[in-house]
Amino acid sequence: QVQLTESGGGSVQAGEALKLSCVFSEFTYNVNCVGWFRQAPGKEREGVASFFLGGGSSYSAEAVKGRFTISYYGNTVSLQMNSLKPEDTAMYYCAASRGMSCTSSRWSRSDTYNLWGQGTQVTVSS
């Protein structure tokens, strides 16, 4: 079973940056897209960004556009988060869609992905 392991979370001040990384435990063939999601206490999990391996397209939520950048290299998917805000505080999860279809209209849906990490906490204070 492929495992996804996130790292890089922590506590920062508003305006600072963090870089999250997610490493796959083994080479993952047939992965079509990778993504980052987050879930704040009392809120639903939401899609933050996604990267489509086939064409190299990336997508991000309106709330993070211009501040967060997703990238994928080898067996690692990263999320560079700049200009962090208190509302970015959440548990962040990486995900991968293996053998499943990825479309631009569904990149932010949890059911697009079938591999998940355990999460890494990001806390931003004002």
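Heavy-atom basis, side chains included; hydrogens, waters and symmetry copies ignored.
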### Query
With sequence neighbours excluded, what pairs up with Ser110 under the side chain to side chain contact (heavy atoms under 4.5 Å, CB included) test?
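Here the qualifying residues are Phe37, Arg45, Trp116.
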### Task
Identify, with sequence neighbours excluded, every residue that meets side chain to side chain contact (heavy atoms under 4.5 Å, CB included) alongside Arg109.
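For Arg109 the side chain to side chain contact (heavy atoms under 4.5 Å, CB included) partners, ignoring immediate neighbours, are Arg106, Asp111, Thr112.
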### Query
So, the side chain of Thr89 versus the backbone of Val124: is there a donor-acceptor pair under 3.5 Å, distance only?
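Yes, because the side chain of Thr89 sits within donor-acceptor range (under 3.5 Å) of the backbone of Val124.
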### Message
Between Glu6 and Gln118 (side chain of the first, backbone of the second, donor and acceptor by atom type, cut-off under 3.5 Å), is there such a pair?
### Response
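Such a contact is found between Glu6 side chain and Gln118 backbone.
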Can you sort out the partners of [X] under side-chain hydrogen bond (donor to acceptor under 3.5 Å, both in side chains), two or more places apart, ordered by chain and number?
| X | answer |
| --- | --- |
| Ser126 | none |
| Asp88 | Arg38, Arg67 |
| Asn30 | none |

### CD on Gln39 to OH on Tyr92, rounded to 0.5 Å
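If we round to the nearest 0.5 Å, Tyr92:OH and Gln39:CD are 12.0 Å apart.
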### Task
State which residues pass salt bridge (charged side-chain N to carboxylate O under 4.0 Å, His left out) with Arg98; sequence neighbours excluded, sorted by chain then number.
none
### Message
For Lys43, give me all partners under salt bridge (charged side-chain N to carboxylate O under 4.0 Å, His left out), at least two apart in sequence or on another chain.
### Response
none
### Task
Enumerate the residue pairs fulfilling side-chain hydrogen bond (donor to acceptor under 3.5 Å, both in side chains) with a member in residues 69-81, sequence neighbours excluded, ordered by first and then second residue.
Gln80-Asn82
### Query
Under the side-chain hydrogen bond (donor to acceptor under 3.5 Å, both in side chains) rule, what pairs show up with a residue in residues 13-27, not counting sequence neighbours?
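Matches after skipping sequence neighbours: Gln13-Ser125.
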I'd like to know if [Y] and [X] are part of one continuous hydrophobic network [Ile/Leu/Val/Met/Phe/Trp/Tyr, side-chain heavy atoms within less than 4.5 Å].
| X | Y | answer |
| --- | --- | --- |
| Tyr93 | Val2 | no |
| Trp107 | Ile70 | no |
| Trp36 | Val31 | yes |

### Task
Would you mind listing every disulfide bond (SG atoms under 2.5 Å apart) that reaches into residues 34-76, with sequence neighbours excluded?
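The answer is none; no pair qualifies.
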### Pairs touching residues 72-110 that satisfy disulfide bond (SG atoms under 2.5 Å apart), sequence neighbours left out
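Pairs touching residues 72-110 that pass the test: Cys22-Cys94, Cys33-Cys102.
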### Task
Please report the shortest heavy-atom distance between Leu84 and Leu18, naming the atom on each side.
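Scanning both residues, the minimum pair turns out to be CD1-N, 3.8 Å.
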### Task
Give the minimum heavy-atom separation between Ser101 and Ser97, together with the two atoms involved.
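The answer is O-OG, 4.2 Å.
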### Task
Any chance you could lay out the side-chain contact (heavy atoms from CB on, under 4.5 Å) test for Val122 and Leu20, step after step, and finish with the verdict?
CA-CA 9 Å; Val122 172; Leu20 306 183; 4.0 Å; yes
### Query
Counting heavy atoms not belonging to Gln3, are there more than 12 under 6.0 Å from its CD?
no
Enumerate donor-acceptor pairs with a distance under 3.5 Å from any side-chain N or O in residues 48-61 to protein atoms, sequence neighbours excluded.
residue, atom, partner, partner atom, Å
Ser50, OG, Val34, O, 3.2
Ser50, OG, Tyr113, OH, 2.9

